[in-house]
Amino acid sequence: MYNDLKGQVAIVTGASSGLGKAIAKRFGAEKMKVVVNYLDQEKEAKDVVNEIHRLGGEAVAEQGDVSKEEDLDRLITSAHENFGSLDVMMNNAGIQTETYSHEMSLEEWNKVISVNLTGTFLGSTKAIAYMLDHQIKGSIINMSSVHEVVPWPYFVHYATSKGGMKLLTQTLALEYGGKGIRVNNIGPGAINTPINKEKFSNPEEREGVLSMIPMKEIGEPEQVASIAAFLASEQASYVTGCTLFVDGGMKLYPSFQAGRG
Ligand code: NAD
């Protein structure tokens with residue numbers, strides 16, 4: 001737990017499931033005030049709000065599509081009106097689909113880029129504008145992936161969106177470091193969330209994934225949420241422009257583990 005997080009205000013996008021839900025709950029356990037954003041899972045988002053209250057934090061659920069500028073404005077207004085500040089912007093929402101690249105429609109490409117990359121751009125820059133206006137030395141945390149650096153066949157839109165997030169984050173970190181605003185990425189590997197439910201419930205596919213992880217374990221959402229809390233906290237006060245990978249070693253060329261290469 002990080003004492004300095006108590007009372008701080010955060011927005012977590014895509015917080016009705018998976019990593020966003022685990023992060024919102026962790027922020028609740030840190031006694032933070034959380035805007036729990038959801039796209040269409042209103043009941044699940046309200047459950048997260050109740051859980052945060054139970055943990056000793058404060059929370060409101062707020063619908064919004066991160067690819068829409070006016071929805072991001074509404075989330076920031078909600079943080080301001082409900083809790084009077086915005087200290088931590090957690091851009092977590094993301095989607096993926098699997099398609100041969102040569103068969104991918106422009107619509108499919110645009111959809112993933114607009115949620116993952118443009119949504120993160122909107123969330124980051126609008127939060128930074130608010131922080132500058134209110135002289136807040138805040139923390140922006142973007143949910144990237146190992147695919148920020150590892151190519152991924154059939155997911156060209158997704159890998160491109162996460163690769164783009166690397167330079168988005170580094171550029172913003174450079175631009176606003178002098179104002180005390182830190183911008184970092186989290187790069188998860190294979191984590192046990194709804195996005196992977198189908199893959200992990202198929203024993204053959206699960207084995208295939210495990211063979212790509214040196215630690216031979218699928219990650220749990222709480223192991224990612226603890227990194228979000230760290231990056232939000234004073235303990236990371238000199239950390240900016242970084243991607244903290246949470247992947248059991250997945251991007252360490254696992255095929256080299258058994259041999260000498
Ligand atoms: P998930 O499907 O459980 O969560 C994604 C969330 O984003 C959902 O709550 C969904 O409703 C929300 N969302 C989708 N489109 C949205 C939009 N337009 N506006 C607002 N919310 C929207 O999956 P997850 O694994 O928790 O994924 C969360 C993030 O973590 C994503 O950015 C994903 O790319 C990233 N990630 C996940 C893994 C993993 O193994 N689970 C690995 C690397 C990166």
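Note that ligands are numbered from 1 as they come in the structure, with each ligand's atoms numbered from 1 the same way. The structure displayed is predicted, hence computed values, not measured ones.
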Should one rank His147, Lys199, Met250, Met143 by closest heavy-atom distance to atom 30 (O) of ligand 1, which comes out on top? Met143
Can you find an N or O of Gly189 that's nearer than 3.5 Å to an N or O of ligand 1? yes
Would you confirm whether Asn184, through its side chain, and Ile141, through its main-chain N or O, come within 3.5 Å as a donor-acceptor pair? no
Are Ser144 and Asn142 linked by a side-chain donor-acceptor pair shorter than 3.5 Å? no
Atom 28 (C) of ligand 1: which protein heavy atom is closest, and how many Å away? Asn92 OD1, 3.4 Å
Only heavy atoms count here, so choose which of Pro188, Ala93, Ser67 is nearest to atom 21 (N) of ligand 1. Ala93
Does any N/O atom on Val66 come nearer than 3.5 Å to any N/O atom on ligand 1? yes
We want to know whether His80 and Tyr130 form a side-chain donor-acceptor pair, criterion being a heavy-atom distance below 3.5 angstrom. yes
Heavy-atom distances under 4.0 Å are what count here, so tell me which part of Ala190 touches ligand 1: side chain, backbone, both or neither. backbone
Using non-hydrogen atoms of the residue, decide whether Tyr158 is closer than 4.0 angstrom to ligand 1. yes
For ligand 1, note which part of Leu19 has a heavy atom under 4.0 Å away: side chain, backbone, both or neither. both
Shortest non-hydrogen separation from Asn192 to Ile218 and the atoms involved: N-CG2, 3.7 Å
How about Trp109 and His157: are their ring centroids closer than 6.0 Å? no
Between Ser17 and ligand 1, does any nitrogen or oxygen pair lie at a separation below 3.5 Å? yes
Which of the atoms in ligand 1, numbered in the order shown and given with their element, are less than 4.0 Å from a heavy-atom of Ser16? 9 (O)
Ile191 contact mode with ligand 1 (heavy-atom cut-off under 4.0 Å): both
Tell me whether Asn116 has any N or O atom under 3.5 angstrom from an N or O of ligand 1. no
Could you tell me whether some N/O pair between Asp40 and ligand 1 is separated by less than 3.5 angstrom? no
Report the part of Gln41 (side chain from C-beta onward, or backbone N, CA, C, O) that has a heavy atom under 4.0 Å from ligand 1; answer both or neither where that applies. side chain
Any idea which part of Thr13 is under 4.0 Å from ligand 1, heavy-atom wise: side chain, backbone, both or neither? neither
Cut-off 3.5 Å, side chains only: do Ser16 and Glu44 have a donor facing an acceptor? no
I'd like to know if Glu51 and Arg54 make a salt bridge, using a cut-off of under 4.0 Å between side-chain N and carboxylate O. yes
4.0 Å heavy-atom contact, Ser144 with ligand 1: yes
Please classify the Lys162 to ligand 1 contact at 4.0 Å (heavy-atom distances, strictly less than): side chain, backbone, both or neither. side chain
Hey, is Gly64 one of the residues with a heavy atom under 4.0 angstrom from ligand 1? yes
